[in-house]
Number of protein chains: 2
Amino acid sequence: MRSERGQRDTPRRRDLIEIATDLISEIGYEQTTVRMIADRMGIKSGSLYSHISSKEDVLYKIILDVADDFLERADRATEGVHDPEERLRALCRSHLEMIRDRRPAVRVYFDEWRKLGDANQAEVIRLRERYEDGFRLAIADGIETKAFDADPQLGARVLLSTLNWAPSWYVADGKLSPREVADQLLEVILRGLYTRG
Amino acid sequence: MRSERGQRDTPRRRDLIEIATDLISEIGYEQTTVRMIADRMGIKSGSLYSHISSKEDVLYKIILDVADDFLERADRATEGVHDPEERLRALCRSHLEMIRDRRPAVRVYFDEWRKLGDANQAEVIRLRERYEDGFRLAIADGIETKAFDADPQLGARVLLSTLNWAPSWYVADGKLSPREVADQLLEVILRGLYTRG
DNA sequence: CCTACCGATCGGTAGG
DNA sequence: CCTACCGATCGGTAGG
């Protein structure tokens, strides 16, 4: 039962995860060695294994945490918001805020999830689907209330593609806030979805 | 001078590149070993080096070729087309055709370009920028001729994000042709860019 | 294209 | 958390 110690959430383990997140986001999961992580922690590589059970465990922890955070933020942002357009706006803002707040972890989430084993990968996909369904539902609702007019799948595809690609173009340099960017983005996309009539 | 032999474009070398493309697209660059490539060619791993000079050379060849192909197809597709909207339509169709025709190589292009060394990476970025500029120019032209009304950067961002993310959602399963998908996509995005007046 | 091998490095473990 | 190490595997080379 001693291996359970490695799974508990201790401050030292959190350090490890944060250091690993930075490294993996910079040079990739495969190129990040357990020795690099240990070096930055100021310990020997063998000592890592009193905090973790394997290298993949670290990756899984990082990615799962991002998936959860995306979902939690989305839930909080849309709490009590019923208008479909306002829901979409809140979801987009929340998404961009997440990128702003946790850029390295978000990069790992998008770039490295394929490196997980099959079971872990399946869980991440499940969470991502649940997250994206929030967007799809808001768009479908918008169409039902006759505010939008378009293939809901197509509209969701355009919006989610733009958001999923956002780590490549959205730099939180202080010039534009997540709120402003989300509003600009939705101005174009919603106008495209609105019925002409 | 003997190492030059490894750089020439021979049928055997083309086999190697194709096999490597499939492997890398399936399991990633790092996980693909020179021994796996050699196995699929039916030779020993050491013998690979009469065709290539290094593993990264293979990756660079694959990615550079995709970047070139994207550009060539775009040039051909827009030859003599002057209307901005028609140019955009041709560019989108060409992009989706490329994904349909060369999916594994395209995946390597999008997923693995960061694994290249700095110099090679810079060249790939240069070509990608040139490719994307074709889209940006068409949108800017559309705005200048008063057909579109929006921040050209924003419109290009939405369109290019959707296209760059397309390997994740566009499956050429025979149901929808690149032409049909491009038209549907542009219907939403262009409507979003069109001025209300 | 093969045999035979290289130095380096990898993730991970045993036993303090 | 350390020392000391493990078997495995990596990309690549020499010399046919």
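None of these values were measured; they are calculated from a predicted model. First the proteins, then the strands, lettered A, B, ... as listed; each starts at 1.
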Q: Checking contacts here: which listed nucleotide (D:dC1, C:dG12, C:dC1) is nearest the side-chain heavy atoms of A:Ser45?
A: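 From the listed options, C:dG12 comes nearest.
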
Q: So is B:Arg157 actually on top of A:Trp165's ring, under 6.0 Å and inside 45° of the axis?
A: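 Negative - B:Arg157 is either too far from the ring of A:Trp165 or too far off its axis.
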
Q: Sort out the partner of C:dA8 for me: Watson-Crick or G-U wobble, both distances under 3.5 Å, none otherwise.
A: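 Answer to the pairing question: D:dT9, which forms a Watson-Crick or G-U pair with C:dA8.
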
Q: Can you measure A:Leu59 atom CG to C:dG11 atom P for me and round it to whole angstrom units?
A: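 To the nearest whole Å, that distance equals 13 Å.
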
Q: Take the protein atom CG of B:Asp57 and the nucleotide atom P of D:dG11, then report the distance between them rounded to whole Å.
A: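 Whole-Å distance recorded here is 14 Å.
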
Q: Look only at the side chain of A:His95 and the backbone of A:Leu163, and say whether a donor-acceptor pair between them is shorter than 3.5 Å.
A: yes

Q: Kindly check if the number of other-residue, nucleotide or ligand heavy atoms within 6.0 Å of CD (B:Gln153) is above 12?
A: no

Q: Measure from CD1 on B:Ile37 to P on D:dG12 and round the result to the nearest Å.
A: 10 Å

Q: To the nearest angstrom, how far is B:Glu56 atom CD from D:dG12 atom C1'?
A: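 Atom CD in B:Glu56 sits about 14 Å away from atom C1' in D:dG12.
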
Q: Can you tell me the base-pairing partner of D:dG15? Count Watson-Crick or G-U wobble geometry only, both distances below 3.5 Å, and say none if there is no partner.
A: C:dC2

Q: Taking OP1 and OP2 of D:dC1, is either one under 4.0 Å from a side-chain nitrogen or oxygen of A:Ser50?
A: no

Q: A:Leu48 has an atom CG; how far is it from atom P of D:dC2, in whole Å?
A: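 In whole Å, D:dC2 P and A:Leu48 CG are 10 Å from each other.
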
Q: Nearest to the side chain of A:Val34, heavy atoms from C-beta on, is which of D:dG12, D:dC2, C:dG11?
A: C:dG11

Q: What integer distance in Å separates A:Met41:CE from D:dC1:C1'?
A: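 Going from A:Met41 (CE) to D:dC1 (C1'), I get 11 Å.
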
Q: Could you check A:Gly46 against A:Met36 and say which one's nearest nucleotide on DNA chain C is further toward the 5' end?
A: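 The residue mapped nearer the 5' terminus is A:Met36.
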
Q: Looking at C:dC1, D:dC10, D:dC2, which one has an atom nearest to any side-chain atom of B:Thr33?
A: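 For the B:Thr33 side chain, the nearest candidate turns out to be D:dC10.
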
Q: Would B:Lys55 count as a cation-pi partner of B:Tyr60, with NZ or CZ less than 6.0 Å from the six-membered ring centre and within 45° of the ring normal?
A: no

Q: Grab the two heavy atoms, one from B:Ala90 and one from B:Ala77, that are nearest each other, plus how far apart they are.
A: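 Heavy atoms only, the tightest pair is CB-O, 3.5 Å.
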
Q: Of the nucleotides D:dC1, D:dT3, C:dT13, which one has an atom closest to the side chain of A:Lys44?
A: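 Between D:dC1, D:dT3, C:dT13, the one nearest the side chain of A:Lys44 would be D:dT3.
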
Q: Counting only side-chain N and O atoms of B:Lys55, is one of them less than 4.0 Å from OP1 or OP2 of D:dG11?
A: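 Answer is yes, contact under 4.0 Å.
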
Q: For the pair made of CG in A:Leu16 and P in C:dG12, what is the distance, rounded to whole Å?
A: 12 Å

Q: Rounded to whole angstroms, how far apart are CG on A:Asp39 and P on C:dG11?
A: 12 Å

Q: Among D:dC5, C:dC5, D:dC2, which nucleotide sits nearest the side chain of A:Arg35?
A: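 Out of D:dC5, C:dC5, D:dC2, the nucleotide with an atom closest to A:Arg35's side chain is D:dC5.
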
